[in-house]
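Notes follow once the structure below has been shown.
Proteins get letters first, then strands, A, B, ... in listed order; numbering begins at 1 in each. Only this structure's heavy atoms are used, side chains among them; waters, hydrogens and symmetry mates stay out.
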Amino acid sequence: MLFQIPAVRYPSTPSPPSSSSSCSSPSPRNPPRRSPRSRMESNAMVWFRKGLRIHDNPALDHARRGGCARLFPVFVLDPRYLEPDPTAFSPGSARSGLNRIRFLLDSLADLDSALRSLGSRLLLLRGEPAPLICRVLKDWNIGKLCFEFDTEPYSLARDKQVSDFASASGIQVFSPVSHTLFNPADIIEKNGGRAPLTYQSFVALAGKPPEPLSVTYHELPPVGDTGEYQLLSVPKIEELGYGDISQEEFSPFRGGESEALRRLKESLKDKEWVAKFEKPKGDPSAFLKPATTLLSPYLKFGCLSSRYFYQCLHDIYKSVGKHTSPPVSLAGQLLWRDFFYTVAFGTPNFDCMRGNKICKQVPWRDDEELLVAWREGQTGYPWIDAIMIQLKKWGWVHHLARHSVACFLTRGDLFIHWEKGRDVFERLLIDSDWAINNGNWLWLSCSSFFYQYYRIYSPISFGKKYDPNGNYIRHFLPVLKDMPNEYIYEPWTAPLSVQKKARCIIGKDYPKPVVDHDIASKECRKKMAEAYASNHSGENVPSGRSSNVLRRKLQNENREGSPPTNSKQRKKHSLL
DNA sequence: CTACAGTTGAAGCC
DNA sequence: GGCTTCAACTGTAG
């Protein structure tokens, strides 16, 4: 059976395997190293980590080229990600809940069957990845090691161990950038060594992304002798020791490249929809048919190539004519992904407040009880709680739903540290991606990127705007399903007789609100203003900053009583 | 230094 | 549904 790469065929000219030059430049930090010709060169390894796909996979493509006699496609199950942690707040490992682990297993099974259809297979090993890879490189006489460059700190450290070992052993290493549209290092270099901190400046620097590879394979080199190594078949989630999980509700979304390409095709079928897509206009309460493509988890694991996705979008834009643009368009969403990858790569301690140069230092409150209420969907605000339940069950919620609950936890209501919320999302989301998750928590908590802390999502009116009858709430919080429309967002205001009739007594069947939003949000706003002020006067601040702030303060005071200065109004004035 | 723009706020008005 | 006000942030281009 042939493995037809893109299930959707877009008018890109497939280049013959031999003539196509390397489509993806290796990271400047990791140029491919030449080793003296030896018999080892005929054995190649492709080490999968992210990039769980056949299409547009430069590491795989490079591995099978150049007279490769034996190809070893390897994935290592990393105990750091999989080891059961009974102390975690939900079943799974210390780093991930069951839904994302299952998504990974799906993706591995799909990759294995794709490889098998090409006469190969996935060699699944288990153990500490770096030392294990080093061992097999030697034991299997590998002459060429290929793996996708990964920008996360954990991966960089792991991969350096392997690269150092390989170089010292005369093994050629090829580590192309293919997870993102652009090479974050290139963008940072173009920007004078610093990561751009606004989307617009990022887009201006980025330019056009490289094209995806468009090779179709009919066959891959056979797998070589793996000696004494115990090769695993892809386990089922039940086999990984997470206890009795028979009662767990699992995400409706399944992993894998096949599913990614099917979903891509499905999403792109309606060209009008693609051309008119505007992210901020999506409906966060839509759950029967979500308002977005739901391709994020596939991008996270690399089941779908962002470059291939980008190319498909641009082909549609060309054919349709009029279309939306970044930041709101679908292609704009891929650029957001690259933006966060770039800043994350260029910012030490990106995932914490302390020691993070781009992060506001805010004295967040430590309150375990409120954190647990938020995490478990027990805040007493149905809109917030329904989102947290959907997150737990599906491993996915709409972008604006993420905004609602992240704002509520941090600067909007509870004033709890964004790192705590980040940890919960990292565990529960099937699309949780280190750079993007941390970036968005920095954003939503007004710690970086976004600073209009006085714009606070209402846990009552925000959802109501989209879903006045509360169908979303009724679905994910069945305890409230008989609450009349007029009370569904604020059930504590329902008269007792109404609560009784709805068989939902507030304070008994469903919690009272843990805070009063009007009071809490005002207090949060005050605390944010104070935190911002002390960031300016404090020692965290680079010098020269405070004079700027002082000037702005004076500017604001002078503005009192003077003509309106906001830009819209000024435009209007000049027109008159 | 200044002006401006910033993916996605809420509430009140017409 | 569109507009204004509310109170007022920041990084960046010029």
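Between the CE atom of A:Met528 and the C1' atom of B:dG9 there is a distance of 15 Å, rounded to whole Å. Going from atom CZ of A:Phe450 over to atom P of B:dA5 covers 17 Å, rounded to whole Å. When rounded to the nearest whole Å, the span between CD of A:Gln361 and C1' of C:dC9 equals 17 Å. The distance between atom NZ of A:Lys522 and atom C1' of C:dC6, rounded to the nearest whole Å, is 12 Å. Between A:Tyr453 atom OH and B:dA10 atom P the separation is 18 Å, expressed in whole Å. Here B:dG6 presents its P atom at 12 Å from OH of A:Tyr199, a figure rounded to the nearest Å. Rounded to whole Å, atom P of C:dT10 lies 14 Å from atom CG of A:Leu197. When rounded to the nearest whole Å, the span between NE2 of A:His403 and P of B:dA10 equals 12 Å.
The partner of B:dT8 cannot be assigned: no Watson-Crick or G-U wobble pair with both contacts below 3.5 Å exists in any strand. In this structure C:dA7 sits in no base pair that meets the Watson-Crick or G-U test at under 3.5 Å.
The gap from the P atom of B:dT7 to that of C:dA13 amounts to 13 Å, rounded to the nearest Å. Atom name P, nucleotides B:dC4 and C:dA7: the rounded distance is 23 Å, in whole Å. Taking atom C1' in both B:dG6 and C:dA8, one finds a spacing of 14 Å when rounded to whole Å.
Closest to the A:Gln452 side chain, of the nucleotides C:dC9, C:dA7, B:dA11, is C:dC9. Counting only heavy atoms from C-beta on, A:Phe462 has its side chain closest to B:dA10 among C:dC9, B:dA10, C:dT12. For A:Tyr451, the side-chain atoms get nearest to C:dG11 when compared with the rest of B:dA11, B:dT7, C:dG11. Set against B:dT7, C:dT10, B:dA10, the side chain of A:Ser461 has B:dA10 as its closest nucleotide. Checked against C:dA7, C:dG11, B:dT8, the side chain of A:Trp443 finds its nearest nucleotide in B:dT8.
Residue contacts shown for A:Phe449 are absent, as no nucleic acid heavy atom lies under 4.0 Å away. Contacts of A:Ile456 with the nucleic acid, taken as non-hydrogen atoms under 4.0 Å apart, involve only primed sugar atoms and P, OP1 or OP2.
Using cut-offs of 30° and 60° for the angle between ring planes, the A:Tyr472 and A:Trp383 rings count as tilted.
Between A:Gln200 and the phosphate of C:dG11, there is no side-chain N or O to OP1/OP2 separation shorter than 4.0 Å. OP1 and OP2 of B:dA10 both lie 4.0 Å or more from every side-chain N or O belonging to A:Lys464. For C:dG11, neither phosphate oxygen OP1 nor OP2 lies less than 4.0 angstrom from any side-chain nitrogen or oxygen of A:Ser201. Regarding contacts with the backbone of B:dT8, every side-chain N or O of A:Lys465 stays at 4.0 angstrom or more from both OP1 and OP2.
Here the two rings, on A:Phe340 and A:Phe449, have centers that are under 6.0 Å apart. No close placement of the A:Phe149 and A:His179 rings is indicated, their centers lying 6.0 Å or farther apart.
A stacked arrangement is assigned to A:Trp336 and the six-membered base ring of B:dT7, with a centre-to-centre distance below 5.5 Å and an interplanar angle below 30°.
Side-chain N or O atoms of A:Glu257 include one that pairs as donor or acceptor with a backbone N or O of A:His55 at under 3.5 Å.
Two residues are said to be in side-chain contact when any heavy atoms from C-beta on lie closer than 4.5 Å; A:Ile187 and A:Phe345 fail this criterion. Proximity of A:Leu264 to A:Tyr308: side-chain heavy atoms (C-beta onward) are separated by under 4.5 Å at one or more points.
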